[in-house]
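So that the names make sense, note that chain A is the first sequence line, chain B the second, and so on, each numbered from 1.
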Amino acid sequence: MPELPEVETVCRGLRPVVTGQVIARVAVRRRDLRHPFPAGLKRHLESRRMMSITRRAKYILIHLDNGYVLVIHLGMSGRLVLYPASYKPKTHDHFILYLADGRQIVLNDARRFGLVDLVAVDDLDSHGLFSHLGPEPLSRNFSGAVLGRALAGRTAAIKQAIMDQRLVVGVGNIYASEALFQAGIDPQIPAGMLRPAQCAALAGSIKKVLQQAIKAGGSTLRDHRQATGEQGYFQHHFMVYDRAGAPCPRCSSGGCEQARIVRIIQGGRASFYCPACQK
DNA sequence: CCTTGAACCTGCGGGC
DNA sequence: TGCCCGCAGGTTCAAG
């Protein structure tokens, strides 16, 4: 479900609430999600102060005052929402942090592809969850040149390549299609075939679409909620994602023949693009 | 190392 | 109404 903009939106919503607050109590309502919850999870969290909240790739990182970091991944269907003290747990509410004032940070994840872990802050970079991750797309470490180097020699389709978290993090199925549309690149061409100018355009469109989506609070297809419980709004700005059969926004605006958005399957995932203007 | 496909799990909408 | 199928924002693992 959540790609970088959705995770970033959750972090931004939680940050003013979480920072400086003490975790009074923790409820662990089942033994595992994708992996078993770490041993001693409650013990390491209860009575600890949350010092800051950050994001790496699609992971939410809550830094504690005991040198540990609470790591949360939302998988496909996860939500992390702040509720008032009166909230009663519902189905698929697996993990709850109760603040001193009674408010609750609730992790709900119907499909349970999400993950909760506890990592010593000094071990973050070397930890198996993070050691293989590529650059943050919104940082200066990511550029057309960096992308071009990462794509060199690869035969996989460019759509699948930019979703590979080793090359660049945060891009998932929605924003891969949207970024390729903005850059005018056919999602099926082999990654290593992109020319430098195309790499520059694609790096730029990845940054742009992720930033625009963050501004809109992410995209709510079904599960995504901001930390406030509010939906995201970027789904109303999709150019191609989930728009098979619709006229291409770029070709149509030219007043020429109306090309239509096409849906194809790549690596088992749906891709959307305009065959007329994405080459 | 790279690429591909399957697996993990629940819920929802469409077709019959 | 009910059942079956396909589909959904991610990651990981095995096999070629």
message = Let's test your reading of the pairing rules: Watson-Crick or G-U wobble, both distances under 3.5 Å, then write DNA chain C as a dot-bracket string with ( ), [ ], | and dots.
response = .|||||||.|||||||
ask   = So which pairs with a foot in residues 155-171 of chain A pass salt bridge (charged side-chain N to carboxylate O under 4.0 Å, His left out), sequence neighbours left out?
value =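 For residues 155-171 of chain A: A:Arg154-A:Asp164, A:Asp164-A:Arg166.
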Atom [atom1] of [X] to atom [atom2] of [N]: distance rounded to whole Å?
| X | N | atom1 | atom2 | result |
| --- | --- | --- | --- | --- |
| A:Arg55 | C:dG10 | CZ | P | 14 Å |
| A:Arg112 | C:dG10 | CZ | C1' | 16 Å |
| A:Leu74 | C:dG10 | CG | C1' | 11 Å |
| A:Gln235 | C:dA8 | CD | C1' | 15 Å |

ask   = What residue among A:Arg55, A:Gln211, A:Lys58 forms side chain to side chain donor-acceptor pair (under 3.5 Å) with A:Glu8?
value =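 For A:Glu8, the side chain to side chain donor-acceptor pair (under 3.5 Å) test succeeds with only one of A:Arg55, A:Gln211, A:Lys58, which is A:Arg55.
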Nearest non-hydrogen partners of A:Ala57 and A:Glu136, listed with the distance =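 Minimum heavy-atom contact is N-OE2, 2.7 Å.
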Quick check: do [X] and [Y] have side-chain heavy atoms less than 4.5 Å from each other?
| X | Y | result |
| --- | --- | --- |
| A:Phe234 | A:Ile174 | no |
| A:Leu61 | A:Val119 | no |
| A:Ser177 | A:Ser271 | yes |

key: Under 4.0 Å protein heavy-atom contacts per nucleotide of nucleotides 11-16 of chain C, with B for base, S for backbone only and - for none   = BS----
key: Between CG on residue A:Leu129 and CD on residue A:Gln165, distance to nearest 0.5 Å   =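 The CD atom of A:Gln165 is 12.5 Å from CG of A:Leu129, to the nearest 0.5 Å.
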task = Could you check whether A:Gly267 gets within reach of a base, just the sugar-phosphate, or nothing at all, counting any heavy atom under 4.0 Å?
result =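 Contact class for A:Gly267: none.
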task = Using a 4.0 Å heavy-atom cut-off across all strands, classify A:Thr220 as base, sugar-phosphate, or nothing.
result =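 If one applies the 4.0 Å heavy-atom cut-off, A:Thr220 turns out to touch a base.
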query = When you list every nucleotide of DNA chain B with an atom under 4.0 Å from a heavy atom of chain A, which one comes first 5' to 3', and which comes last?
reply =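 With heavy atoms of chain A under 4.0 Å away, the range is B:dC2 to B:dG11.
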ask   = Within 45 degrees of the axis of the six-membered ring of A:Phe181 and under 6.0 Å from its centre: does A:Arg250 put its NZ or CZ there?
value =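 Relative to the ring axis of A:Phe181, which defines the angle, A:Arg250 lies inside both limits.
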task = Can you sort out the partners of A:Arg103 under salt bridge (charged side-chain N to carboxylate O under 4.0 Å, His left out), two or more places apart, ordered by chain and number?
result =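 Residues passing salt bridge (charged side-chain N to carboxylate O under 4.0 Å, His left out) with A:Arg103: A:Asp101.
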ask   = Should the ring pair A:Tyr68 and A:His44 be called parallel, tilted or perpendicular, given that the plane angle runs from 0 to 90° and is split at 30 and 60?
value =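 Taking A:His44 first and then A:Tyr68, their aromatic rings sit tilted (interplane angle of 30° to 60°).
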ask   = For A:His92, what residues pass the side chain to side chain donor-acceptor pair (under 3.5 Å) criterion, not counting sequence neighbours?
value =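 By the side chain to side chain donor-acceptor pair (under 3.5 Å) rule, A:His92 matches no residue at all.
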message = Would you measure the distance from the P atom in B:dC9 across to the matching atom in C:dC3 and give it in whole Å?
response =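 B:dC9 and C:dC3 have their P atoms separated by 23 Å.
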ask   = Between A:Arg111 and A:Gly268, which has a closest nucleotide on DNA chain B that is more 5'?
value =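 Of the two residues, A:Gly268 wins.
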